[in-house]
2 protein chains.
Amino acid sequence: MSVPASTEARGGQAARREHILDAAEACFVRNGFHRATMQDLAREAAMSPGNFYRYFESKEALVVGLVERERERGAQLVEEMERSGDRRGALLDIIARYFVSITREAAVLRLEIWSEATRNPAIAALTARTEAETRDWFVATFSALAISPDCDPDRLYALVAPLMKGIVVGRAILPDYDPGPAVTQLHALLETGLDGLLPRAARAGPRITTLA
Amino acid sequence: MSVPASTEARGGQAARREHILDAAEACFVRNGFHRATMQDLAREAAMSPGNFYRYFESKEALVVGLVERERERGAQLVEEMERSGDRRGALLDIIARYFVSITREAAVLRLEIWSEATRNPAIAALTARTEAETRDWFVATFSALAISPDCDPDRLYALVAPLMKGIVVGRAILPDYDPGPAVTQLHALLETGLDGLLPRAARAGPRITTLA
DNA sequence: CACGTGTCAATGAACGTTCGTTCTCGTGGA
DNA sequence: TCCACGAGAACGAACGTTCATTGACACGTG
């Protein structure tokens with residue numbers, strides 16, 4: 001509930017914003033963007049409602065700020081792993097940290113963002129950017145890690161992406177969801193795909209010759 | 001915007017409720033549960049706001065009614081296909097109709113329901129029921145269709161479910177999402193699983209011997 | 001037919017509440 | 001003194017909901 005106050009030397013503004021976003025995150029996870037009131041946020045942030053407006057133009061700006069922060073966190077996470085050198089390790093770590101050991105709270109927030117993206121243009125734009133960046137990173141990583149020239153990075157991502165999203169949804173809405181099997185599946189899919197062993201797209205219908 | 005009025009011979013109450021739910025569905029898809037106002041619904045349904053309360057106790061009861069109807073539609077769809085005799089065909093049809101050729105509007109509504117389920121107990125209960133019913137049906141169908149005794153229906157569903165959910169999310173948030181590749185993947189997964197050719201769960205880590 | 005009566009879907013203005021936002025004032029350090 | 005920061009009362013708007021009233025229709029009676 002309380003925050004050390006100074007994250008930077010002259011860190012008034014930025015640290016305050018972070019503090020507010022933390023409080024907002026907790027409230028939004030609990031009640032959603034539209035049912036959480038400014039008074040709720042005020043209580044959670046231990047500050048008066050009027051004071052928010054020194055740091056954010058409006059409630060919506062606050063929501064946008066939160067979504068923007070989530071996007072930055074994702075990009076940041078990727079960057080860290082890039083620096084670790086081992087790209088294959090980075091790939092597996094990303095999957096483990098971002099889509100498997102994800103907390104229920106984070107999953108709920110992500111679900112709320114997706115939902116809001118379907119009707120709020122500002123959120124839609126940010127979400128589209130996140131999706132594009134994620135996609136680009138995965139495709140680039142697939143290309144770099146591909147063992148066989150038969151590997152089709154675009155196609156592989158088209159298979160992997162919905163699986164990851166589905167894991168997030170499951171975590172958010174099912175009390176004791178176990179992502180284990182889906183993750184195993186995810187890894188199998190990645191290795192199969194990187195080895196260029198994925199079946200070709202079917203011609204007429206969805207029926208295909210299948211694996212093995 | 002207008003409705004033929006008489007769906008049943010003496011179909012006052014039920015038909016009226018359906019009419020209201022139709023209007024509510026349109027508004028909720030457009031603005032979400034909490035931003036859509038009763039006046040919006042009134043405009044869409046071409047009736048006065050006060051009149052809603054003859055058919056639903058409150059706005060929340062209206063939301064619950066809508067979610068309940070969605071659940072019934074799912075169960076109904078399954079029932080129809082069961083009657084068609086061909087269980088394998090039913091399985092593929094379910095997938096095609098419910099998770100692939102799903103309209104953007106339906107996907108958005110589903111996303112909204114999932115999101116609401118994370119904080120509204122009534123919706124959470126309905127959603128849990130839907131999830132359980134869906135799961136039971138798939139597991140039963142897998143058991144009936146399994147070619148090899150090595151097929152593990154529970155495990156297979158754990159792989160298939162997040163993929164389907166992810167397709168819905170993609171449809172809802174990505175303007176021109178193509179579910180094709182994911183569906184192909186889904187079918188491959190089903191056939192592999194039914195043939196009992198899925199890799200066993202990994203022991204120590206997520207790294208597995210993979211398919212083929 | 002004409003008329004009084006009851007029923008019921010439907011209205012839409014009005015209500016109390018609650019929301020996001022603004023305003024005024026106080027305080028503490030430079 | 002000045003200014004950045006903050007508290008919290010107050011504001012107008014908009015919300016979900018209520019309620020007195022309306023209009024259309026069906027009947028039973030003269």
Side-chain angles (χ1 to χ4, degrees), chain A residues 1-28 30-67 116 119-120 122-123, chain B residues 1-25 27-28 30-66 116 119-120 122-123:
Chain A
M1 207 75 93
S2 68
V3 149
S6 66
T7 313
E8 305 174 2
R10 207 197 61 79
Q13 285 285 109
R16 229 71 182 119
R17 280 177 61 103
E18 288 296 306
H19 173 75
I20 292 172
L21 289 182
D22 288 342
E25 184 170 323
C27 287
F28 288 156
R30 211 183 302 122
N31 296 110
F33 290 147
H34 297 295
R35 260 172 46 157
T37 72
M38 294 303 263
Q39 316 256 352
D40 289 339
L41 303 204
R43 209 172 305 119
E44 181 77 29
M47 78 173 45
S48 66
N51 202 23
F52 287 137
Y53 294 83
R54 293 193 176 278
Y55 304 94
F56 293 92
E57 250 196 356
S58 64
K59 186 185 180 184
E60 204 204 303
L62 220 154
V63 171
V64 170
L66 191 61
V67 176
E116 186 69 9
R119 48 183 173 262
N120 183 326
I123 306 298
Chain B
M1 204 76 92
S2 68
V3 149
S6 64
T7 315
E8 306 174 3
R10 209 196 59 78
Q13 285 285 110
R16 231 67 184 124
R17 280 178 62 103
E18 288 296 307
H19 173 75
I20 292 173
L21 289 181
D22 289 341
E25 185 170 320
C27 288
F28 288 155
R30 210 182 301 123
N31 296 111
F33 290 148
H34 298 297
R35 260 173 48 158
T37 73
M38 293 303 264
Q39 315 257 351
D40 289 340
L41 302 204
R43 209 171 306 117
E44 180 76 29
M47 72 171 54
S48 68
N51 202 25
F52 286 138
Y53 294 84
R54 292 194 169 275
Y55 304 95
F56 295 92
E57 252 197 354
S58 63
K59 186 186 181 184
E60 204 204 301
L62 219 153
V63 172
V64 170
L66 192 61
E116 185 68 8
R119 50 184 174 262
N120 183 326
I123 305 299

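From a predicted model like this one, the values you see are computed outputs, not experimental measurements. Chain letters run A, B, ... following the sequence lines, proteins first, then strands; residues in each count from 1. Scope of the values below: all heavy atoms of this structure, side chains included, with no hydrogens, waters or symmetry mates.
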Point to revise | Verdict with reasoning, A/Val63 to A/Asn120, per side-chain contact (heavy atoms from CB on, under 4.5 Å) | key: CA-CA 11 Å; A/Val63 171; A/Asn120 183 326; 5.6 Å; no

Exercise for review: Report, as a single string ordered 5' to 3', how protein heavy atoms within less than 4.0 Å touch nucleotides 8-13 of chain C: B base, S sugar-phosphate only, - not at all.
Suggested key: -BBBB-

**Study point:** Spacing of A/Met38 atom CE relative to C/dT22 atom C1', expressed in whole Å
**Key:** 12 Å

Check your understanding: Between A/Phe56 and A/Leu21, is any pair of side-chain heavy atoms under 4.5 Å apart?
Key -> yes

Exercise for review: Find the distance between CG (A/Leu41) and CZ (A/Phe28) and round it off to the nearest 0.5 Å.
Suggested key: 5.0 Å

Check your understanding: Could you state the interatomic distance from CD (A/Gln39) to SG (A/Cys27), rounded to the nearest 0.5 Å?
Key -> 11.5 Å

Practice item. Would you please test A/Met47 and A/Phe52 for side-chain contact (heavy atoms from CB on, under 4.5 Å) and show each step? Key: CA-CA 8 Å; A/Met47 78 173 45; A/Phe52 287 137; 3.9 Å; yes

**Study point:** Positional range of nucleotides in DNA chain D within the contact set of chain A, heavy-atom, under 4.0 Å
**Key:** D/dC5 to D/dG8

Exercise for review: Indicate yes or no: at least one non-hydrogen side-chain atom of A/Val67 is less than 4.5 angstrom from one of A/Val64.
Suggested key: no

Check your understanding: Rounding to a whole Å, what distance do you find between A/Leu41:CG and C/dC19:C1'?
Key -> 12 Å

Revision key, fill the gap. Interatomic distance, CG@A/Asp22 vs CD@A/Glu44, rounded to 0.5 Å, equals 9.5 Å

Review point. Across the strands shown, which category fits B/Ala61 at heavy-atom distances under 4.0 angstrom: base, sugar-phosphate, nothing?
Key: nothing

Practice item. Side-chain contact test, heavy atoms from C-beta onward, threshold under 4.5 Å: evaluate it for B/Arg30 versus B/Arg35 and give yes or no. Key: no

**Study point:** Residue whose closest nucleotide on DNA chain C lies nearer the 5' end, A/Glu57 versus A/Arg35
**Key:** A/Arg35

Practice item. Answer with base, sugar-phosphate or nothing: what part of the nucleic acid does A/Ala36 contact at a heavy-atom distance below 4.0 Å? Key: sugar-phosphate

Review point. Taking CZ from A/Phe56 and P from C/dG20, how many angstroms apart are they, rounded to a whole number?
Key: 15 Å

